[in-house]
Amino acid sequence: MNEKLQACLFDLDGVIVDTAKYHFKAWSRLSEELVIPFDAADNERLKGRSRVDSLEYILRKGSLVLDNDTKVKLMDRKNEWYLDQVKQMTPSELAPGVVELMDELRAAGVKVGLGSSSRNAPLILDLCGISNRFDVVVDGNSITLSKPDPEVFLKGAETLGVPPSRTVVFEDAVSGVEAAINGGFQVVGVGSSDSLSQADFVIADFEGFSMAELLSRLS
Ligand code: B16
Ligand code: MG
């Protein structure tokens, strides 16, 4: 076993699959109904944040104060619209190269886990046919604190029995990169190096990215 790499935790939305576009459509529709402006920059800020944190952000933006029951109803509606799109998902939406990397890691004895804020993670994994490829799944159903709190990744590493310093997190969101750093993990940003500059290093995508390259770029 490699000493510096004993486990990898993958974020879901934006790393394994590109569901940000579905969140964007659903939050845009809700914001439109509430007559609150919502654009791509807002959606970027919500990446990795929980459903309730996302709604609170939009309400703050519109200076709208609502009671708890109304907030729950709004979140349920947003989630219905989100699920209308998610239910059409197939394995063809998996990020190219990500499953190959996960399989390579596991074959080399590196544990592989999911660390996602999404409560819809089990459904998405199932639709994409990858539920059985993880040694642990930690998602929005089993955490109480949203990224940038490190709870989701700490729970994953603890369940795997691997210290954070020997675990690499793959993240597409600024809040997720911060969560990984806050937990003492090494972190690979997936996406743009402009916004994810806090990560140890950034890859644009997983195409052609191997375990050998990961090891060579880890400090
Ligand atoms: P849900 P990740 C996050 O997933 C998304 O990035 C974020 O946009 C979303 O609000 C959050 O999950 C909660 O999702 O409404 O499906 O429970 O990136 O942490 O995998
Ligand atoms: Mg994400």
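Every number for a ligand or one of its atoms is a count from 1 in the order of the listing.
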[X] to ligand 1, any heavy atom closer than 4.0 Å:
| X | result |
| --- | --- |
| G140 | no |
| G14 | no |
| M75 | no |

Starting from [atom], which protein heavy atom do you reach first, and at what distance in Å?
| atom | result |
| --- | --- |
| atom 18 (O) of ligand 1 | D11 OD1, 2.9 Å |
| atom 15 (O) of ligand 1 | R51 NE, 2.8 Å |
| atom 6 (O) of ligand 1 | G48 N, 2.8 Å |

Taking only heavy atoms of [X], which atoms of ligand 1 are found under 4.0 Å from at least one of them?
| X | result |
| --- | --- |
| S54 | 10 (O) |
| S118 | 1 (P), 4 (O), 12 (O), 13 (C), 14 (O), 16 (O), 17 (O) |
| L46 | 7 (C), 8 (O) |
| S116 | 2 (P), 4 (O), 19 (O), 20 (O) |
| L12 | 20 (O) |
| K147 | 2 (P), 19 (O) |
| R119 | 1 (P), 16 (O), 17 (O) |

Looking at [X] and [Y], what are the two nearest heavy atoms and their distance?
| X | Y | answer |
| --- | --- | --- |
| D139 | A121 | CB-CB, 3.7 Å |
| S175 | G48 | OG-CA, 3.7 Å |
| W27 | S54 | CZ2-CB, 3.4 Å |
| V177 | L196 | CG2-CD2, 4.0 Å |
| L101 | S210 | CD1-C, 3.9 Å |
| L214 | L5 | CD2-CD2, 3.8 Å |

Please answer whether the main-chain N or O of [Y] pairs with a side-chain N or O of [X] as donor and acceptor at a distance below 3.5 Å.
| X | Y | value |
| --- | --- | --- |
| S131 | D126 | yes |
| Q85 | W81 | yes |
| S50 | D53 | yes |

Give yes if a backbone or side-chain nitrogen or oxygen of [X] is under 3.5 Å from a nitrogen or oxygen of ligand 1, and no if not.
| X | answer |
| --- | --- |
| G115 | no |
| W27 | no |
| Y82 | no |
| E171 | no |
| D13 | yes |

task: Please work out which of the three classes, parallel, tilted or perpendicular, describes the rings of H23 and Y82, given edges at 30° and 60°.
output: parallel
field: Plane angle bin for F170 and F10 - parallel if under 30°, tilted between 30 and 60°, otherwise perpendicular
entry: parallel
- prompt: For the Mg ion (ligand 2), does an N/O/S atom of D13 lie at less than 2.8 Å?
  reply: yes
- line: Checking heavy atoms under 4.0 Å, the part of R49 that sits near ligand 1 is backbone
query: Are any of the side-chain nitrogens in R45 or D42 under 4.0 Å away from the carboxylate oxygens of its partner?
result: yes
- line: With rounding to 10 degrees, D11 OD2, the Mg ion (ligand 2) and D172 OD1 define an angle of 80°
- request: In sequence, state the C-alpha distance, the side-chain angles, and the governing distance for R133 and D103, and then conclude on salt bridge (charged side-chain N to carboxylate O under 4.0 Å, His left out).
  value: CA-CA 8 Å; R133 279 191 149 88; D103 287 350; 2.9 Å; yes
